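A short worksheet on the structure shown next.
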Amino acid sequence: METLERDTGDSKEASYSAEIQNIWVEAQDSLKTRLVTEDDFRWQLPTTTAAATTLIGGGECEVLKYVGGVDISFAKDDPSIACGTLVVLDLQILEVVYEDYSVVTLHIPYVPGFLAFREAPILLQLLEKMKTCDHPFYPQMLMVDGNGILHPRGKCPPTFYWIFFPVFAYCSSILLNGFGLACHLGVLANLPTIGIGKNLHHVDGLTQATVRQLLETKGMHEDILSLRGDSGRTWGAAMRSNPGSFKPIYISVGHRVSLATAVKIARMTSKYRVPEPIRQADIRSRDYLRKHQSAG
DNA sequence: GCGACAG
DNA sequence: ATCTTGTCGC
């Protein structure tokens, strides 16, 4: 009797979460139609020529200075207590010039492929708070602890469809990209974002072992690797900041930033393996939660 | 059928 | 994501 009740309960829960996931999939596909995977911003990267260009151009030509980073940490004893963190770094000195935290209770579980539905709301709230008070350090772009288009929700239309139903295939190809947390945040905040993964979410035949092997065969000469899946599609890049470090980070396009630009920014913000905006958000998020759970 | 699966 | 010690090296 008890086992029977337990079984029916489990199956109800299973179908319930399956329905939720269907809703999530539709939400992702809907938001995905607004996704931009090319450079779409007014600022320039702070190369040596950029400063000169601002003077020569005459028109307002801002240089990228304020780079945001977001992360969430969790209490060790209660995984539903989360601390969302937003930091902003000055790109020139690579130091934190703004930080804000929000401790909340999360009711949505972590489901692989649907991280955004758990983490995006709290992070969006932190961004909104900063924007509504018109803060001068509001980030020009955001680095996200999680993937962008390197995400399993992307599917290539089969060749068959391109030959016989090209219009349909084209419409499907709008949904070709994956749509991870970085894309989700970028679209909803209308902010350029790039995704930084510390582990690889296996997609399109790509595995950690594959990437490691490729990086090893490339040797010390290259520290960057294009992540091309079985379908031939490029999902992002694996980069190791240090030739001695064999564990790379996984960079992918979030929103309104090309992969080439994303890699440049990841490079110029990396003092250690993980780019500073992400790393600082990570460290400070954990510290903040520790202090505020021991103090009460 | 079984395993894999960002944070 | 989180738990967890020391240890090897610059």
Side-chain angles (χ1 to χ4, degrees), chain A residues 17-18 21 24-25 28 69-86 101-124 126 142-155 177-186 193-212 227 229-230 235-239 241-255 262 266 271-275 277-279 281-294:
Chain A
S17 61
Q21 285 193 25
W24 285 349
V25 165
Q28 286 178 331
V70 287
D71 189 27
I72 293 186
S73 61
F74 296 88
K76 58 179 179 183
D77 41 344
D78 186 353
S80 67
I81 296 178
C83 174
T85 301
L86 166 64
Y101 308 88
S102 173
V103 176
V104 298
T105 304
L106 293 186
H107 304 100
I108 294 170
Y110 165 63
V111 181
F114 303 98
L115 177 65
F117 296 92
R118 176 169 162 85
E119 298 201 348
I122 179 172
L123 299 175
L124 282 169
L126 287 167
L142 190 67
M143 300 182 84
V144 178
D145 190 356
N147 292 318
I149 65 171
L150 171 48
H151 180 271
R153 280 289 304 148
K155 278 178 189 160
N177 291 309
F179 197 76
L181 174 60
C183 304
H184 201 112
L185 276 179
T193 56
I194 72 183
I196 303 292
K198 298 190 281 290
N199 292 285
L200 179 65
H201 197 159
H202 291 193
V203 140
D204 196 14
L206 295 165
T207 64
Q208 307 247 18
T210 311
V211 173
R212 268 188 56 182
L227 292 175
D230 290 340
W235 296 86
M239 186 182 88
S241 47
N242 180 355
S245 163
F246 281 86
K247 185 166 183 177
I249 59 166
Y250 301 92
I251 305 164
S252 59
V253 168
H255 183 50
K271 269 165 77 178
Y272 307 102
R273 183 175 88 98
V274 177
I278 300 295
R279 186 168 160 271
D282 195 88
I283 293 171
R284 287 161 191 255
S285 188
R286 231 190 312 279
D287 285 353
Y288 187 89
L289 198 52
R290 258 199 267 274
K291 281 191 178 181
H292 288 253
Q293 79 177 7
S294 57

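These figures come from a predicted structure and were not determined experimentally. Numbered from 1 within each chain, the chains take letters A, B, ... in sequence-line order.
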query = Looking across every strand, which nucleic acid part, if any, lies under 4.0 Å from Gly197(A) by heavy atom: base, sugar-phosphate, or nothing?
reply = sugar-phosphate
request  = Mind calculating the distance between CZ (Arg286(A)) and P (dA1(C)) to the nearest angstrom?
outcome  = 7 Å
ask   = Do you know which two heavy atoms are closest between Phe179(A) and Gln28(A), and how far apart they sit?
value = O-NE2, 3.7 Å
task = Would you please test Thr85(A) and Tyr288(A) for side-chain contact (heavy atoms from CB on, under 4.5 Å) and show each step?
result = CA-CA 9 Å; Thr85(A) 301; Tyr288(A) 187 89; 5.7 Å; no
message = Let me confirm one number: the CD1-OG distance from Ile283(A) to Ser73(A), rounded to the nearest 0.5 Å.
response = 12.0 Å
task = Kindly check if the number of other-residue, nucleotide or ligand heavy atoms within 6.0 Å of CZ (Arg212(A)) is above 12?
result = no
inquiry  = Using a 4.0 Å cut-off to any heavy atom of chain A, which nucleotides of DNA chain B are the first and last in contact, reading 5' to 3'?
reply    = dA4(B) to dG7(B)
query = How is Asn147(A) classified with respect to the nucleic acid when contacts are heavy atoms under 4.0 Å: base, sugar-phosphate, or nothing?
reply = base
salt_bridge(Arg284(A), Asp71(A)) N-O dist < 4.0 Å = no
request  = Under 4.0 Å between any heavy atoms, over every strand shown, what does Phe74(A) touch: base, sugar-phosphate, or nothing? Just pick one.
outcome  = sugar-phosphate
query = Can you give the dot-bracket line for DNA chain B, where a pair is Watson-Crick or G-U wobble with both atom distances under 3.5 Å, crossing pairs use [ ], and | marks a partner on another strand?
reply = .......
ask   = With a non-hydrogen cut-off below 4.0 angstrom, is Leu181(A) in contact with a base, only sugar-phosphate, or nothing?
value = base
task = Using modelled atom types only, decide if a donor and an acceptor are shared between the side chain of Thr105(A) and the backbone of Ser80(A) within a distance under 3.5 Å.
result = no
inquiry  = Classify Gly113(A) by what it touches in the nucleic acid, base, sugar-phosphate, or nothing, heavy-atom distance under 4.0 Å.
reply    = base
Spacing of CZ belonging to Arg118(A) relative to CD1 belonging to Ile108(A), to within rounding of 0.5 Å = 9.0 Å
note = Letter by letter from the 5' end, nucleotides 4-10 of chain C scores (B base, S sugar-phosphate only, - none; protein heavy atoms under 4.0 Å) -------
ask   = NA contact type, Thr207(A), heavy-atom cut-off 4.0 Å: base, sugar-phosphate, or nothing?
value = nothing
message = Between Lys291(A) and Asp287(A), does any side-chain N to carboxylate O distance fall below 4.0 Å?
response = no
query = Contact class for Phe117(A) (heavy atom, under 4.0 Å): base, sugar-phosphate, or nothing?
reply = nothing
task = Please report, rounded to the nearest Å, how far the C1' atom of dA1(C) is from the CD1 atom of Ile283(A).
result = 16 Å
query = What pair of heavy atoms forms the shortest contact from Arg273(A) to Lys247(A), and how long is it?
reply = CD-O, 3.2 Å
Leu289(A) CG to dT2(C) P, straight-line distance once rounded to whole Å = 9 Å
request  = State whether the side chain of Ser252(A) and the backbone N or O of Asn147(A) hold a donor-acceptor pair below 3.5 Å, judged by distance alone.
outcome  = no
query = Taking all non-hydrogen atoms of both residues, which atom of Gly84(A) and which atom of Leu123(A) are closest, and how far apart?
reply = CA-CD2, 4.4 Å
